[in-house]
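The structure under discussion appears below in the form of structure tokens.
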Amino acid sequence: MLDIKVLRDDPEAVTAGVRKKRMTDRVAAVEQALVLDGELRGLIPKLDAMRSEQKNAGKLMIKLAPLAREQMLAKQKELKQELQGFLEREKTLRAELDQQLSLIPNIPDADVPEGRDDSENVEVKRVGQVRTVTFAQKTHCEIGEAQGWLDFERAAAISGSRNYLLIGDLALLHDAVLRYAIDHMVRQGFTPIDPPLLVRDAAMFGTGFFPGGEEQTYRCEKDGLNLIGTSEVPITSMHAGEILLEKDLPKKYVARSACFRREAGTYGKDTRGLYRVHQFQKVEQVVLDVADKGRSLEHHQSIVANAEACLQAFELPYRIVAVCGGDLGVPQAFKYDIETWMPSRNNYGETHSASRFYDYQARRLQLRYRSEAGKVHYCHTLNNTVIASPRALIPILEYHQQQDGTVRLPAALVPYMGGREVIGRPVF
RNA sequence: GGAGAGGUGGCAGAGUGGCCGAAUGCGUCACCUUGCUAAGGUGAUGUACCGGUAACGGUACCGGGGGUUCGAAUCCCCCCCUCUCCGCCA
């Protein structure tokens, strides 16, 4: 949610932001919100005055003689009628204003690149030279299926397309990668959390996924609950409605969870393999801190660095892109994607997404803190992937494959795989 | 799933129709007193919105929403949450 004051003071900037995000269908919400806000602000002083009168009259009445009391009662009934009309108008105005306001996306930062979609994201950093090999590299599907590690057919029979079975050493590797990521984050001082996977609408709304993301979300209608697409949702919502103390900030959390995505509208895209699946495991980092842009920027750098450290430990080449306006979601002010080299794509593929929101999510969540000076402010929130698997297994299998189909493990993962430096048997 | 109890300020806890934004206690903060410490005294101590440069004034909020009433923390209805007992179950 944007601060209504920002909207009043500089509607052009808000509209420009909506356009930069290429959400032209939401431009009208800005104008609508301003109109509704204007009417509401006209209404409130009248309402307050009437209620004040009603209150005072009520207090007076108990002291009156029965006759005068009767007269006053009649007068008060009239006032009540009138007041009811105003109250109803106020209620609808507030509801409509909230609805319009919730449609208005966060304003993208000035340094967000212009652009329509992910093809216009701007590379800001490239790490690791992609090694060249003399043999024909296999895809992770080819390796996995030849090794008996992957079974898409049976998975599809059980659960439909975009599902997978990880078997044997690949199941272990999947867990090893996640476990490494958790341990790394705990060393960075993050508090590990195992969050609920089913959340109320309020959490989806508060983090900015609703309205808009309903089609991407598995929903348990009977219970009014939603399966999370990322643990950002429960973790960022953890302190919703609270007023934290500045001395307790920043809050740094790391969560491992299953994530569920319907992937509606992606038919025909990345249909093979582990890249785009309905369910996966993700280690996610979330930071809540004071409302200070400089601090947010520092956190953003450091959560990106945390993810980079994992990729470096896994000895994988990657690059970082600044996500352009058109590829940015509703709540983000700025987003870096980290893309890891995937030989089967002969390209980098998105493996991480690091966002900063300033107070946009915090406003929706009523997530606040009391400053040392005693004032209450909305927090700033940020989050980033640490590792998402099995997607992360794609570069690991493909980049560390050897000619015979075995896979060399990066040193960091060896202790997590029972000391083995290579997994698989010669199959090619 | 069945039966019952309950949700009030940072916490504890009173309040069952107007004098209640809410007693009292604890905690916290400021000042005072006592040479330190302990103790004591005085005052302050929620959030949001509206008006005002400000001091300040007004309004709303007692889990959430609706209703009854001139007037609701208090009465009625629905929902959410917590606890106890029974059943079922990983």
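The structure presented is a predicted model; accordingly, all values stated were derived computationally and were not measured. Here is how names work: the chains are called A, B, and so on, in the same order as the sequence lines, proteins then strands, and each is numbered from 1.
Within the 4.0 angstrom heavy-atom criterion, only backbone atoms of the sugar-phosphate kind lie near Q54(A); the bases stay farther away. Within the 4.0 angstrom heavy-atom criterion, no nucleotide atom of any strand lies near R94(A). Contacts of K46(A) with the nucleic acid, taken as non-hydrogen atoms under 4.0 Å apart, are absent. Note on L73(A): a base of the nucleic acid sits closer than 4.0 angstrom, heavy atoms only.
When both pairing distances are held under 3.5 Å, U37(B) makes no Watson-Crick or G-U pair with any nucleotide shown. U16(B) is unpaired under the Watson-Crick or G-U wobble criterion, no partner having all donor-acceptor distances under 3.5 Å. Pair assignment for G1(B): C86(B), on the basis of Watson-Crick or G-U wobble contacts that are both within less than 3.5 Å. Pairing partner, U45(B): G27(B), with both Watson-Crick or wobble hydrogen-bond distances short of 3.5 Å. In a base pair of the Watson-Crick type (N1 to N3 plus N6-O4 or O6-N4) or a G-U wobble (N1-O2 and O6-N3), with each distance short of 3.5 Å, G21(B) is matched with no nucleotide. Of the nucleotides present, C50(B) is the one that pairs with G57(B) by Watson-Crick or G-U wobble criteria, both distances under 3.5 Å. Under the Watson-Crick or G-U wobble criterion, with both distances below 3.5 Å, U74(B) has no partner in any strand shown. Nucleotide G6(B) has C81(B) as its partner under the Watson-Crick or G-U criteria, with both atom distances under 3.5 Å.
Spacing between U16(B) and G25(B) at atom C1', rounded to whole Å, works out to 23 Å. Rounded to the nearest Å, the gap between the P atom of C70(B) and that of G57(B) is 31 Å. Nucleotides G46(B) and U8(B) place their C1' atoms 13 Å apart, quoted to the nearest Å. Rounded to whole Å, the separation between the P atoms of G1(B) and C79(B) comes to 12 Å. Annotation: A55(B) and C75(B) have their P atoms spaced 39 Å apart (nearest Å). U28(B) and C78(B) are spaced 39 Å apart, taking the C1' atom of each and rounding to whole Å. Taking the P atoms as reference points, A72(B) lies 14 Å from U59(B), given to the whole Å. The same atom, P, is picked in G35(B) and in C19(B); the two are 48 Å apart, to the nearest Å.
Electrostatic pairing of R363(A) and D359(A) counts as a salt bridge here, judged by a charged N lying under 4.0 Å from a carboxylate O. At a threshold of 4.0 Å, the pair R408(A)-E421(A) does not count as salt-bridged, since none of the basic side-chain nitrogens sits closer than that to a carboxylate oxygen.
Residue-to-nucleotide proximity on RNA chain B shows that, of Q366(A) and G58(A), the 5′-proximal contact is made by G58(A). With the nearest nucleotide of RNA chain B identified for both I44(A) and K375(A), K375(A) has the one nearer the 5' end.
Checking G71(B), U47(B), C81(B) against every side-chain atom of R200(A), the shortest atom distance belongs to C81(B). If you check G71(B), C80(B), C50(B) against the side chain of D48(A), the one that comes closest is C50(B). The side chain of K55(A) approaches U59(B) more closely than any other nucleotide in the set U47(B), C50(B), U59(B).
Aromatic pair H352(A)/Y318(A): centroids not less than 6.0 angstrom apart. Less than 6.0 angstrom separates the ring centroid of Y180(A) from the ring centroid of Y416(A).
Going from atom CG of L87(A) over to atom C1' of G66(B) covers 14 Å, rounded to whole Å. In this entry the distance linking CG of D3(A) with P of A48(B) reads 12 Å, nearest Å. Between the CG atom of D98(A) and the P atom of A48(B) there is a distance of 16 Å, given to the nearest Å. Look at CZ on R368(A): it is 8 Å from C1' on A48(B), rounded to the nearest Å. Going from atom CZ of R363(A) over to atom P of U47(B) covers 16 Å, rounded to whole Å. Rounded to whole Å, the distance from CG on L245(A) to C1' on G10(B) is 9 Å. Atoms CZ (R41(A)) and P (C50(B)) sit 5 Å apart, rounded to a whole Å. Separating the CD atom of E82(A) from the P atom of C70(B) is a distance of 16 Å, rounded to the nearest angstrom.
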* Candidate pair D194(A) and R256(A), rule salt bridge (Lys or Arg N to Asp or Glu O under 4.0 Å), full reasoning -> CA-CA 6 Å; D194(A) 191 296; R256(A) 171 184 171 167; over 6 Å; no
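For the OP1/OP2 pair of G58(B) and a distance below 4.0 Å, the side-chain nitrogens and oxygens of S52(A) include no atom meeting the criterion. Taking 4.0 angstrom as the limit, K77(A) places none of its side-chain polar atoms (N or O) nearer than this to OP1 or OP2 of G71(B). In this model, the phosphate group of G58(B) is not approached by any side-chain N or O of R51(A) to a distance below 4.0 Å at OP1 or OP2.
Checked by atom type, the side-chain pair H300(A)/R356(A) shows a donor-acceptor distance below 3.5 Å. In this model, no donor atom of one side chain and acceptor atom of the other lie less than 3.5 Å apart for E284(A) and S231(A).
Checked by atom type and distance alone, the side chain of N163(A) never pairs as donor or acceptor with a backbone atom of A156(A) at under 3.5 Å.
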